Structure formats: structure tokens, C-alpha cells
Amino acid sequence: MAPALEDDEIDNNDYYSLLNVRREATQEELKGSYRRLCMLYHPDKHRDPELKRQAEQLFNLVHQAYEVLSDPQLRAIYDIYGKRGLDVEGWEVVERKRTPVEIREEFERLQREREERRLQQRTNPKGMISVGVDATDLFDRYEEDYKDLPGGGFPHVEINKMHISQSIEAPLTTTDTAVLSGSLSTHNGNGGGNINLALRRVTSAKGWGEVEFGAGDSHGPLLGMKIFRNLTARCFVTAQCGLQFSSRGVRPGCTTVLARHLDKNTMGYLQWRWGTQSSMNTSIVRDTKTSHFTFAMQLGIPHSFMMMSYQYKFQDDEQTKVKGSIKSGFFGTVVEYGAERKISRHSVLGATVSVGVPQGVSLKIKLNRASQTYFFPIHLTDQLLPSAVFYATVGPLIFYLAIQRLIIRPYVRAQQEQDLEKHRESSASDIARKKQEAESAVLLMQESVRRIIETEESRMGLIILNAWFGKFVTDNSRRHERAKVIDVSVPLQCLVKDSKLILTEATKTGLPGFYDPCVGEEKSLKVLYQFRGVMHQVLSPDGEALRIPKQSHRIDADT
């Protein structure tokens, strides 16, 4: 249930960052860091009224962080759910003596109750729109048959079939769900539709059952039942039976699938189908992080075939996949190849070229947008024409690259900038407060930093000459962008102890004297320091641990 608190993910490390301790810090480490900050920010050390007021605010903040992290129960809640987890409705009934494990269970129980209250408001809509296009006139036509007709010089492309389907789920109870679905289809001027209602019940952790009722103008009433059951931890079975009523009588049908995990990434399936089209099918599916392989073989009436497909998954941000398959049977042979790619946060675009005998050449374009699917099968030729294969392969690629460069990338970039601007506006007051706290902390550190520098100079130790935190522009192609950094030399020098500076794996924005100068953008910490009279420099990404000094940070004399 933790995702309900994702908004606080940025704040989860604030207390650890403020105290500059590891998330696995012991009570002794917490106490040592707390005492050091208390000595730095204690209000009694300052006579100036303004500095005293600022010291009180920072002292209270440090005290609050230590109170949470030093309490095992509060620390367990904070580690899992962040700051908002400490204020979740219902925590007042939790006993203070419970263990962290019991606290996690209690929190998840409270979250489940909130989800159940919202049960009636949730649906799971799924839809598909398929538009079939006949474009055979582009590649296979007799010019003399068209030259005398009006507009005969232009190829004729038409939509010859369409299919629209939609389904929604309505949770009735925590175990019962109603699914309402319907579809409309048309092909060459003839069409029909149907509507189905399914009632699903989860009987146990091992299985569920479903009863389906349907009606349509092409097949008549339908009555069906489906059962799913886990036989073992590695094996499950599904069985589906139905009765189709029509003017020709009652047509029964039954399908059973037995599946088993062969290993961590491989599944084996056996399927039996009995009815108007009886068959037996066996397949092996292997799915890994980088690939997906399927081998299937079917013996049946009227179709028997063998099929093999392979898909390679690139490990990039766009989740690019390339795939190919070959299928051969009584109907002929079909070879398919294609690719798909994520074009936005919720959209995936794919294209597949199908080349077969006697099917000809087709191009299939699919767009998945959230839970909606848009499918466009385009039939190009009834024969194997090289020109059709070439244009079906190269055309979508050129079209995608053009759309990607001219429309998608500018749109995504503008959307990101818009979201970032909204985030900056919503957090402007908080950033201003953090900036004021950081400036106050720097003023309070001045005396301590002076003493630390004197001590380090006497032993030729670690002295921070300059330190900046924020967004640095190092790429020549981005020189038009403005660097957004703040000077953090004083806060870092204040953290030096025994000629060492150790920063933990947490965002630096929570450190005393720091704040976020560029909300929503990648940040780094750049430090120029002197150790044993030698200059050193390091650039460290935000969120990574940093230990100073190091031999690898040394600046050569020639440089």
C-alpha cells in the first residue's frame, strides 16, 4: 500500500540528510550527530535576538528529526512511508509498544480499509478499436481499367472492416466483480454486435470462477462458465465451457489449458479445445529481461501449424522491442517482423510487416494508450511483391522518425517543462522557506567554521576552498542554459571532522545550510578543497555518498 504516499518520496531522506547519517545508522551515530548539531544551533550561544530566533528554529528541527529516528516505532514508520506516514488517519489507535513489523501490518490494514471505502468508485475500462484498410490498389492495379473513370488516376484505398469493443469492471464486494463488455463489427457492409455480462468470484487464494451471459444478433444467446485454479505453486489450470444458441441449434464448446513453470523464466502450456473447431495445442514461452521466445505447435480441425517467434528488448528509456516470427501450416506460411516503442508515458506504438503465401503483404500498426488499443491492419497486396515489402518496411520507419522529431519530442519536452514549472510554482513558498533556513544556518555556522579552519590549517588538514551545489552545464550543446548553483562552502566546512568529510547516500538538499536551487532537475555537488597543501577537486551527483579527501581528487600541477 506504500504507493499511496509516493508524494512524500522526496522527503523520506530529509531527517537522515539533516543529521548526515546513514539510513542504517546506529543509536550511537544518531546521538553523536545530534549532539554536534545541538552545540552548533543551541539558542543560548547567541546574544543577537535575530540569530537567537533563527537558532531556535533550526534547533527545534534537529530535535524533531532526532526524536523520530531515535524512536524505533516512529523510525520504522518514517523509513517505510515518509513524513506523511506519521500523520495517517488511524495511527492514534496503534499501541506504542508494537514492533516495526506489527506497525507495518497495522498501516497496511488501515490502507486496505481506505481502499475498500473507495471500492465502488473504481472501474477498469478496457477498449479496442480496429480499422481494416484495403490498399491493394496501391501496388496491384491495371491502369487501362481506370483511365476512363473520373479520378481514375489515383489509387483507391478503402476501409473494408471495423471492430469496436469495450469492457468495464464493477467491484461488488472484495471478492465479487461484475464485468460488462460489448462489441460492434462490420465487414464489407455486413455487421453485427453482442453484449456480455460476467460475474466473477474469487473463491480462495488459489482460484476463482466466472459465469458469463451473452446475447448478439449474429450468434444468439450465450451461456458460459470459466474456472481458474492453482494446482501447485508451479502449476495451474483453466477450464472454459459454453453453450451457443442459434437457429441451427445448440453448439457446445469447451477449452482447457494446463500450464506449468518449467523454470524461473519459462512456462509450458497444453491446450485442448473441443467443439466446432477441435484442436490440441502445446507451447513453450520463455520471457527474460532482454528477450521473449515462443514455440507453439497445434494439431486440429481445420488448422494445424507450427509457430516460432522471438522478441528482443532493448534496455533503454523508450523500452524498444524488435520481433520476428514464422508460422507455417495447412493455410500456408507467414513471416512477420516489426518493432514497438514507448512514445510517451502512457503510449506504446508498434508496427509489424506480415509477408505470407497465399495471404500476401500486410502492414499492421498498433497504438496502446493506457487501457485503450487502436489497431490498423492495412492489406497491401495479395501477392509477394518486393515493392510492397520495401514500402511496408521503410515507410513506417521514415514516418515515425519524422513524427518523433517534429511532433512527439517537442510535445513531450513542452509537457515536461510545463509540469516542472507547475511544480516550481507549487513549491515556491516551501523553497523560499528552505532558502531562508539555509541562510540562517550559514550565519550560525560562521564561528564554528572559523575554529574548524584554524584547527585544520595547523595540521595541514582539509580546507574547503569553494563548493557549489545545483545544476552545472558542462555539455557544449546546452551552453544556452543557465547554471543554477548555490555556494555551500561554509556548510561543508562545518561538517569537516578530523580532516575528513563524509556525506551519506541521501539528497544533499536536507543538509544544514543547503536548499534546492533547481527543483525537479538533476543536481551535483562540486568541491574544490586543499589537503596537505595540495589542491583537489571533485564533482559528485546528488544522492551519492562522498568521502573527502581522496587521492583520485588530486589536481595535477600541470592542470
Side-chain angles (χ1 to χ4, degrees), residues 1 3 101 104-105 108-109 112 115-116 119 122-124 126 165 167-181 196-214 222-244 250-301 303-311 313 323 325 327 329 371:
M1 299 296 178
V101 175
R104 179 192 286 268
E105 294 175 351
E108 291 178 351
R109 183 189 66 80
R112 283 196 299 271
E115 290 297 323
E116 289 175 3
L119 193 60
R122 297 185 304 176
T123 61
N124 184 24
K126 296 179 181 178
S165 63
S167 69
I168 58 172
E169 295 182 1
L172 305 178
T173 66
T174 54
T175 59
D176 297 327
T177 303
V179 182
L180 181 64
S181 61
N196 295 72
L197 174 64
L199 301 176
R200 184 186 307 147
R201 163 164 285 193
V202 179
T203 55
S204 66
K206 292 185 176 181
W208 50 268
E210 182 177 287
V211 178
E212 182 180 10
F213 307 92
L222 168 69
L223 176 62
M225 181 177 66
K226 187 175 182 179
I227 298 174
F228 172 87
R229 179 74 177 179
N230 281 312
L231 303 179
T232 65
R234 299 168 61 93
C235 183
F236 68 86
V237 63
T238 62
Q240 182 175 0
C241 298
L243 296 175
Q244 185 77 58
V250 180
R251 292 185 296 175
C254 184
T255 302
T256 303
V257 178
L258 177 66
R260 177 178 173 80
H261 286 274
L262 303 180
D263 60 37
K264 181 180 178 181
N265 300 309
T266 308
M267 288 287 294
Y269 297 90
L270 282 174
Q271 176 180 288
W272 296 272
R273 179 180 298 166
W274 174 79
T276 55
Q277 295 185 355
S278 300
S279 65
M280 183 179 69
N281 182 295
T282 180
S283 61
I284 296 176
V285 179
R286 180 170 179 80
D287 191 13
T288 65
K289 185 178 180 180
T290 59
S291 65
H292 182 94
F293 173 80
T294 301
F295 175 80
M297 182 172 61
Q298 176 174 300
L299 297 175
I301 302 173
H303 296 302
S304 295
F305 64 85
M306 291 183 63
M307 187 271 290
M308 183 170 61
S309 68
Y310 179 79
Q311 182 183 86
K313 308 173 185 177
K323 54 188 177 180
S325 69
K327 186 176 181 180
S371 59

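Keep in mind that what you see is a predicted model, and the values were worked out from it rather than measured.
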Are the side chains of [Y] and [X] in contact, using a 4.5 Å heavy-atom criterion?
X    : Y    : result
M280 : S304 : no
L180 : S167 : no
F213 : L223 : yes
T177 : L172 : no
K327 : M306 : no
V285 : T294 : yes
F293 : S309 : no
T203 : T175 : no

Reported [atom1]-to-[atom2] distance for the pair [X] and [Y], which is rounded to 0.5 angstrom:
X    : Y    : atom1 : atom2 : answer
W274 : C241 : CH2   : SG    : 9.0 Å
Y269 : L258 : OH    : CG    : 11.0 Å
M297 : M307 : CE    : CE    : 12.5 Å
K313 : T288 : NZ    : OG1   : 6.0 Å
M225 : C254 : CE    : SG    : 8.5 Å
E212 : N196 : CD    : CG    : 4.5 Å

What do the steps show when you test E169 against R200 for side chain to side chain contact (heavy atoms under 4.5 Å, CB included), and what is the final call? CA-CA 10 Å; E169 295 182 1; R200 184 186 307 147; 4.0 Å; yes
Does M267, at its CE atom, have more than 12 non-hydrogen atoms belonging to other residues, nucleotides or ligands within less than 6.0 Å?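 Yes, because the 6.0 Å sphere around CE of M267 holds more than 12 heavy atoms from other groups.
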Less than 4.0 Å between a side-chain N and a carboxylate O, is that true for K226 and E210? no
Grab the two heavy atoms, one from M308 and one from F295, that are nearest each other, plus how far apart they are.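 Nearest pair, atom of M308 first, then F295: CB-CD1, 4.3 Å.
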If every non-hydrogen atom of D263 is compared with every non-hydrogen atom of R234, which pair is closest and at what distance?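 Minimum heavy-atom separation between D263 and R234: N-NH2, 4.0 Å.
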Distance-only side-chain donor-acceptor flag, T266 / R286, under 3.5 Å: yes
Any donor-acceptor pair under 3.5 Å from R260 side chain to G268 backbone: no
Between the side chain of N230 and the main-chain N/O of T232, is any donor-acceptor distance below 3.5 Å? no
Side chain to side chain contact (heavy atoms under 4.5 Å, CB included) between R229 and S204, worked out: CA-CA 9 Å; R229 179 74 177 179; S204 66; 3.7 Å; yes
For a side chain to side chain contact (heavy atoms under 4.5 Å, CB included) check, start with the C-alpha distance between N265 and D287, then their side-chain angles and the critical distance, and finish with the verdict. CA-CA 5 Å; N265 300 309; D287 191 13; 5.7 Å; no
Checking L243 against L222 for the side chain to side chain contact (heavy atoms under 4.5 Å, CB included) test, could you report, in this order, the C-alpha distance in whole Å, the side-chain angles of both residues, the deciding distance, and whether it holds? CA-CA 6 Å; L243 296 175; L222 168 69; over 6 Å; no
Ring-face cation contact, W208 with R201, 6.0 Å cut, 45° max: no
